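Comments concern the structure below.
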Amino acid sequence: MNAVGKNLKQLRQREKLTQDALAERLHVTRQAVSSWETGKTQPDIETLTALAEALHADIRELIYGPEQMARPYAQFQQRYIICTAVCALILLIWVVLELTLVPYLTRLRIERFVVYPGLIYILVIPPLACAAAGVLIPSATSLWGDIRLRSPKLRRCLLVSDLLALIPHLLFVTAYMNLWPDFMSNCRPLRLWLATVATVGNDLLRYGPMFLSGCLLFLGLNK
């Protein structure tokens, strides 16, 4: 029995599946599963990916074995250190800009009626900082504990959710910049909601989606 076949059998037994049940999940014959486990044939890359999803495992567990993947989590990995440091630096720059640049942009708007620099700042810098904060929290947590998601399907779902989380922010941007077409102005509830977001500037609606998007992006890409 080769390494992949041995690992496949261990993972199948871990999930309490028979060869017939696994074959049914993969839409193959039981003989195909048996030949993989005995080493008579080798599954290709696509089949390995399908096997990993069917067994709720990481594809590396099929290649290297569940024992190797079960080793203690290596703390303070370099990629998490770099990610945490970069996000912390972005947040520090944001704080400095809030203390130095924002008062200047405010004076520029009041004294000279120049609004575009301040508008660009509002629409770009704070959302970017909130997204960095969303990445920072799980990244810093990963320095001490493994929060990776094993299932590729779940990671893909999180990436899709990440895009959906941006919709409220995009609505705020379009409302703030008055980009909605005229035909939508007849919808009173939508018009009132947009007016509230644009004029009141509800921080939760403005920056919450960006923070959530950063969290989901990290979890979706962290393999």
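Please read all numbers here as calculations on a predicted model, not as lab measurements.
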Exercise for the section: Apply the test side chain to side chain contact (heavy atoms under 4.5 Å, CB included) to residues Glu53 and Ile59: give CA-CA distance (whole Å), side-chain angles for both, the deciding distance (0.1 Å), then the verdict. Expected result: CA-CA 8 Å; Glu53 292 188 4; Ile59 191 172; over 6 Å; no
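- Counting heavy atoms from C-beta outward, Leu158 and Arg155 have side chains that stay 4.5 Å or more apart.
- Using a 4.5 Å cut-off between side-chain heavy atoms of Ile, Leu, Val, Met, Phe, Trp and Tyr, with links allowed through other members, Leu149 and Leu143 fall into the same hydrophobic cluster.
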Exercise for the section: Could you give me the CA-CA distance, side-chain angles and deciding distance for Ile90 and Leu136, then say whether side chain to side chain contact (heavy atoms under 4.5 Å, CB included) is met? Expected result: CA-CA 10 Å; Ile90 292 175; Leu136 175 63; over 6 Å; no
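- Looking only at distances, no side-chain donor or acceptor of Asn222 sits under 3.5 Å from a matching main-chain atom of Phe218.
- Between Leu216 and Leu159 there is no side-chain heavy-atom pair separated by less than 4.5 Å.
- At most 12 heavy atoms of other shown residues, nucleotides or ligands fall within 6.0 angstrom of atom CD in Glu46.
- Note on Leu217: it does not cluster hydrophobically with Leu164, by side-chain heavy-atom contacts below 4.5 Å among ILVMFWY residues.
- Considering every non-hydrogen atom in both Glu98 and Pro103, the closest pair reads O-CD, 3.5 Å.
- One hydrophobic cluster, built from ILVMFWY side chains closer than 4.5 Å, cannot hold both Ile122 and Phe211; they sit in different ones.
- By the 6.0 Å contact criterion, CD on Glu24 is open, its count of non-hydrogen atoms from other residues, nucleotides or ligands being 12 or less.
- Among all heavy-atom pairs drawn from Leu11 and Leu62, the shortest one is CD1-CD2, 3.6 Å.
- Atoms CG and CD1, on Leu101 and Ile93 in that order, are 12.5 Å from each other to the nearest 0.5 Å.
- Tyr104 places none of its side-chain heavy atoms less than 4.5 Å from the side chain of Pro117.
- Between the Ser35 side chain and the Ala32 main chain, a donor and an acceptor come within less than 3.5 Å of each other.
- The distance from the CD atom of Gln13 to the CG atom of Leu8 is 9.5 Å, given to the nearest 0.5 Å.
- Without hydrogens or angle criteria, Thr100 side chain to Val96 main chain gives a donor-acceptor distance under 3.5 Å.
- The OG atom of Ser139 sits 10.5 Å away from the CG atom of Leu219 when rounded to the nearest 0.5 Å.
- Two different hydrophobic clusters hold Ile147 and Ile137 under the rule that ILVMFWY side chains link at heavy-atom gaps under 4.5 Å.
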Problem - Criterion side chain to side chain contact (heavy atoms under 4.5 Å, CB included) on Leu108 and Phe113, from CA distance to verdict - result: CA-CA 6 Å; Leu108 199 65; Phe113 303 101; over 6 Å; no
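- Within the 4.5 Å cutoff, no side-chain heavy atoms of Leu128 are placed close to those of Trp94.
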Exercise for the section: For the pair Asp44 and Leu48, evaluate side chain to side chain contact (heavy atoms under 4.5 Å, CB included) and give the outcome as yes or no after the intermediate values. Expected result: CA-CA 6 Å; Asp44 55 24; Leu48 283 173; over 6 Å; no
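- No side-chain donor-acceptor contact under 3.5 Å links Arg109 to the backbone of Val115.
- Of the candidates Lys9, Arg12, Arg30, Arg12 is the only one forming a salt bridge (Lys or Arg N to Asp or Glu O under 4.0 Å) with Glu37.
- If you chain together hydrophobic residues whose side chains sit under 4.5 Å apart, Val86 and Val135 never meet in one group.
- For Leu99, the CG atom sits in a packed shell: over 12 heavy atoms of surrounding residues, nucleotides or ligands are nearer than 6.0 Å.
- The CZ atom of Arg148 lies 9.0 Å from the OG atom of Ser142; values are rounded to the nearest 0.5 Å.
- Between Trp36 and Val4 the shortest side-chain heavy-atom distance does not fall below 4.5 Å.
- By the 4.5 Å heavy-atom criterion applied to side chains, Val114 and Leu105 are not counted as neighbours.
- With contacts defined as side-chain heavy-atom distances shorter than 4.5 Å, the pair Val102/Leu97 does not qualify.
- Donor-acceptor pairing under 3.5 Å is lacking for the side chains of Gln19 and Gln31.
- Heavy-atom minimum distance, Thr84 versus Ala140: OG1-N, 3.5 Å.
- Formation of a donor-acceptor pair under 3.5 Å by the Glu61 side chain with backbone atoms of Asp58 is found in this model.
- Looking only at side-chain heavy atoms (C-beta outward), Leu22 and Leu51 come within less than 4.5 Å of each other.
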